[in-house]
Amino acid sequence: MDPDLHYRKADETDIDFLLNLRMKTMNPHYAESKLPTDQKTTLQRVLYEFDKANIIFLHHQPIGLLKINQTDEKTEVLQLQIDPELQGRGLGRKILTAILDKAGATGRTVSLSVLKTNKAQHLYSSLGFKIISEDEHSYFMEISPV
């Protein structure tokens, strides 16, 4: 893992940062998918599984969000958001590779969902995630341990 990349558990003082981040990273995809993008709905998405939220820092600056749910047999990436100004620099790949390495060492399947309008699906496919199902708006993807 990049030594300049670290995490801190999110708390209520992070809500404004997370709301702004979500509006920048996800609302364009929600709008393209014809899903709600109002502030109340966006805040509900920020607060979803908030106890699992971690702020991602690069060089001590907050740059994103990672929410993970882990059980004995599965790691579910609930949300991964990187500030759009820092996307395309391999940070998401580094974060996901570390998650995959840890899950693989413990025999866990890793799963996530991605909106069909979100180009991040190409990153997930390149890391080995396979589409296992879909609905009108999202692909549901996973990697099983080898």
Side-chain angles (χ1 to χ4, degrees), residues 1-30 32-33 35 37 41-146:
M1 178 61 76
D2 187 324
D4 295 320
L5 200 59
H6 62 279
Y7 305 87
R8 174 182 54 76
K9 189 155 183 61
D11 63 37
E12 60 280 346
T13 65
D14 297 307
I15 300 283
D16 287 341
F17 167 75
L18 292 172
L19 186 59
N20 183 46
L21 177 71
R22 183 146 191 113
M23 289 169 56
K24 290 192 298 187
T25 60
M26 297 304 297
N27 278 6
H29 304 296
Y30 278 97
E32 192 175 343
S33 298
L35 294 167
T37 59
T41 302
T42 303
L43 180 60
Q44 287 173 333
R45 292 182 182 124
V46 166
L47 296 176
Y48 172 75
E49 299 274 4
F50 190 76
D51 60 313
K52 296 174 175 74
N54 294 281
I55 306 298
I56 304 167
F57 288 85
L58 178 66
H59 306 295
H60 306 288
Q61 294 298 316
I63 62 149
L65 165 72
L66 176 64
K67 286 185 189 175
I68 290 186
N69 186 36
Q70 288 189 349
T71 64
D72 288 341
E73 61 279 336
K74 190 173 194 174
T75 298
E76 183 180 7
V77 179
L78 301 171
Q79 295 177 6
L80 173 58
Q81 296 155 18
I82 304 290
D83 189 298
E85 292 180 18
L86 297 170
Q87 290 176 7
R89 298 182 185 187
L91 297 170
R93 181 176 295 276
K94 284 181 185 180
I95 292 165
L96 287 168
T97 298
I99 292 167
L100 292 171
D101 289 348
K102 183 177 178 182
T106 57
R108 287 189 187 108
T109 295
V110 179
S111 66
L112 53 79
S113 66
V114 61
L115 287 169
K116 292 178 177 180
T117 57
N118 190 333
K119 65 182 180 179
Q121 65 186 280
H122 302 295
L123 167 63
Y124 306 147
S125 294
S126 75
L127 288 168
F129 282 89
K130 304 288 185 215
I131 297 171
I132 57 165
S133 66
E134 65 182 277
D135 65 17
E136 180 182 355
H137 301 290
S138 300
Y139 293 118
F140 300 93
M141 306 176 84
E142 73 177 26
I143 293 180
S144 296
V146 189

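Owing to the predicted nature of the structure, the values given are computational and were not obtained by experimental measurement.
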(message) By the definition side chain to side chain contact (heavy atoms under 4.5 Å, CB included), identify the one residue from L91, L123, V110 that meets it with L96.
(response) L123
(message) Testing the basics here: between A10 and L18, what is the closest heavy-atom pair and its distance to 0.1 Å?
(response) CB-CD1, 4.3 Å
(request) Over all heavy atoms of both residues, which pair between T37 and T42 is shortest? Give the atoms and the distance, please. (result) O-OG1, 3.5 Å
(message) With rounding to the nearest 0.5 angstrom, report the NE2 to CG distance, H6 to L58.
(response) 9.0 Å
(message) I'd like to know if the side chain of Q79 reaches the main chain of R45, judged simply by a donor and an acceptor atom lying under 3.5 Å from each other, with no hydrogens or angles considered.
(response) yes
(request) Provide the full list of salt bridge (charged side-chain N to carboxylate O under 4.0 Å, His left out) pairs with a residue in residues 118-141, sequence neighbours left out, each pair given once. (result) K116-E134
(message) Do I63 and L5 have side chains that approach each other closer than 4.5 Å (heavy atoms only, starting at C-beta)?
(response) yes
(request) For Q121 and M141, work out which heavy atoms get closest and say how close. (result) O-CE, 4.3 Å
(request) Anything under 30° is parallel, anything over 60° is perpendicular, the rest tilted; go ahead and classify Y124 against F129. (result) perpendicular
(message) Given 3.5 Å as the limit, does a donor-acceptor pair link the side chain of R22 with the main chain of L43, or not?
(response) no
(request) Mind checking ring pair (Phe, Tyr, Trp, His ring centres under 6.0 Å) for F50 and listing every partner two or more places apart, or none if nothing turns up? (result) none
(message) Going by salt bridge (charged side-chain N to carboxylate O under 4.0 Å, His left out), name the pairs with one or both residues in residues 62-86, residues two or more places apart or in two chains.
(response) K24-D83
(request) Indicate the atoms forming the closest heavy-atom contact of N54 with K9, along with that distance. (result) OD1-CA, 3.5 Å
(message) Determine whether a donor-acceptor pair (N or O, by modelled atom type, separation under 3.5 Å) exists between the side chain of N20 and the backbone of F17.
(response) no
(request) Over all heavy atoms of both residues, which pair between L35 and H137 is shortest? Give the atoms and the distance, please. (result) CD2-NE2, 3.6 Å
(message) Are there over 12 heavy-atom neighbours, none belonging to K52, within less than 6.0 Å of that residue's NZ?
(response) yes
(message) Could you report the tightest heavy-atom contact between Q87 and I82, atom names first, then the distance?
(response) NE2-O, 2.7 Å
